[in-house]
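See structure below.
Because the structure is predicted, anything quoted here is derived from the model rather than measured. Within every chain, numbering begins at 1; the chains are lettered A, B, ... in the order of the sequence lines, protein sequences first and strands thereafter.
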Amino acid sequence: MIEVRFHGRGGQGAVVASELLAHAAFRDGKFPQSFPFFGVERRGAPVTAYARIDDRPVDVRTSVTAPDIVVVLDAGLLRRVPVTAGLRAGGLLLVNSPRRPEELAGLGPFRIAAVDAARIALRHGLGSVTLPIVNTAVLGAFARVSGVVSLDAVRAAIESFSPARQVENAAAASDGYTDVVTAEVGPIPELGPASPRTVPLVLPEDPVASRSSETLPTADWRSLTPVIDLGRCTRCNFCWKFCPDNAIEFDAAGWPVLRGEFCKGCGICAAECPPRAIAMRAEA
Amino acid sequence: MARLTIPAPELMHSGHAACPGCAPALAMRLLLKALGPSTIVSVPACCWTVIATPYPTTALGVPMLDNPIEATGASISGLRAAADALGLSDVRIVGFAGDGGTSDIGLQSLSGMLERRTDAIYVMYDNEAYMNTGVQRSGSSPKGAWTTTTPVGERSHGKAEPKKDILGIVLAHRPTYAATLNPSFPEDFVRKAERARDLRGPRFLHVFAPCPPGWKYSSEQTIAIGRLATDTGVFPLYEVEEGTCRITRTMNALKPVAEYLRAQGRFAHLNDTDIAEVQAEVQRSWDRLRALARSAERPWPPTLSPPTPA
């Protein structure tokens, strides 16, 4: 049995990618399974989905905690989400990134593959610059580097089940298949045994949530960051007044300061700023 | 220090789980600024029950009770009775519910709370569909709107039925205070929430709450779309206190409703005839509202207004 875990952000198509993979495996005569983690399915928020593929019916129904393959649809998640947790030594890590896979070698003793799926998606008009829909390009790359499903089956699954833009999505899968690069950096161990599956049972100490949500930064939801030009700022406070995330505060002199750990990059402050002193910039 | 037009203290915490550009999140932030710390909020199943509780934390600096979707009105009635029994008569009891949980599933509970003259504030944040479960139509979805259950295709042209007039239903119960609020107008929003805070008896706030993923527009447009809703007459701002209606944002001429509709993907399929129909309906409602506000006649005689609880 092959166990796969997908990491993405709400809106990128991680859940659909896991479903399409299952459809493709079914076409190849396998027994697949696919389901999302039931969590905060908000646009921009980290999202997890699972798939299992076997030659016989799959009985296990739990979350994938010791995957053979991890797929990361947004390289920004590498910094904040423990995407490689439980990934078996010698397992496959496929990342949507314009970087060379060798540059990602620090992530662990894995076979690492990289594909610039955002560029492929934009070339086929899938999604926007701030939120390219990268799932199908990544699935094409997955077919190539995993060998678990065929590209033909992935394309057929997209043409039958993709919610929209089937032609463009199938073309993106083919490009992902062609463009993906794999690196084997240093000694890669043989695929080790799965770690024992223990599900930690965390019970609340108290039925009352007493910790503030400010212990949970939301910076990794954002793809664009507001940059305030204090030279043009008139201290009108519109950015503060309209922020749904309470992510603007003031310094002692009344100038606005971004609380970067909580800004989700919605862009309201930039759109509402009367002197246009705020620009939304891509994160470096 | 900065020149502020609304109160500085923040009782809504960052780190909540709302989507980027979420108007209901801004609405909660503004509401708690007005109501202050001596407040208990009861939230039924809706976006806010998820927004407020990224486990094991809370995004509210005041106590919050999570309750079933149909139970907000009953829940705040019970909270009021319990607070009074404990001698906490100054505590403000607030229900904060979505449009589905209010105007559809929770309607009997809301009606009961209003009819019992419960001393509490009921807030309905109206994002015009069941957004938390993935954009299914509600009684509060406007005519023509795309939702996942009113799709656009050969045999469906968005929602076929008009939006339910929740404030009309509420006013039939003769509340102490009822008002429409829009987070695109924060000063008006806070002033009305403060007015509700200072009165006793049943109070109802109808909050306009644009939703970027559900209404299909880019998140930075939330405030602009809210402003257009009011300036086109789609969501006029007014308040009714003891039966007397006052428009709080007066306009000599409404902006064309097309400006509001064209800004949102959920209305992208509407043709010019559809838009003319919406325009005519909006104009009728606006004229009716202005006539009501001009009239000295109250919808019910003040002497018949039931006494508010001592």
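The line from CG of B/Leu4 to SG of A/Cys236 is 11.0 Å long, rounded to the nearest 0.5 Å. Atom NE2 in B/His16 sits 7.5 Å away from atom CG in A/Asn246 (nearest 0.5 Å). Interatomic distance, OG1 of B/Thr222 versus CD of A/Glu272, reported as 9.0 Å (0.5 Å rounding). The CD atom of A/Glu261 sits 7.5 Å away from atom OG of B/Ser14, with the distance rounded to the nearest 0.5 Å.
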Side-chain donor/acceptor pairs under 3.5 Å, residues 18-35 of chain B, sequence neighbours excluded:
unit_1	atom_1	unit_2	atom_2	d
B/Arg29	NE	B/Glu10	OE1	2.9
B/Arg29	NH1	A/Trp240	O	2.7
B/Arg29	NH1	A/Lys241	O	3.4
B/Arg29	NH1	A/Cys243	O	3.0
B/Arg29	NH2	A/Trp240	O	3.0
B/Arg29	NH2	B/Glu10	OE2	2.9
B/Lys33	NZ	B/Pro7	O	2.7
B/Lys33	NZ	B/Ala8	O	3.2
B/Lys33	NZ	B/Pro9	O	3.4
B/Lys33	NZ	B/Glu10	OE1	3.4
B/Lys33	NZ	B/Glu10	OE2	3.0

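Heavy-atom distances place both the backbone and the side chain of B/Ala224 under 4.5 Å from chain A. The part of A/Thr218 that comes within reach of chain B is its side chain, from C-beta onward, which places non-hydrogen atoms under 4.5 angstrom from that chain. Contact of B/Pro56 with chain A is made through backbone and side chain together, with heavy-atom distances under 4.5 Å.
Side-chain N/O atoms of B/Thr58 and A/Arg211 include no donor and acceptor closer than 3.5 Å. Checking B/His13 against A/Ser212 by side-chain atom types alone, a donor-acceptor pair falls below 3.5 Å.
A/Asn237 places none of its side-chain heavy atoms less than 4.5 Å from the side chain of B/Thr5.
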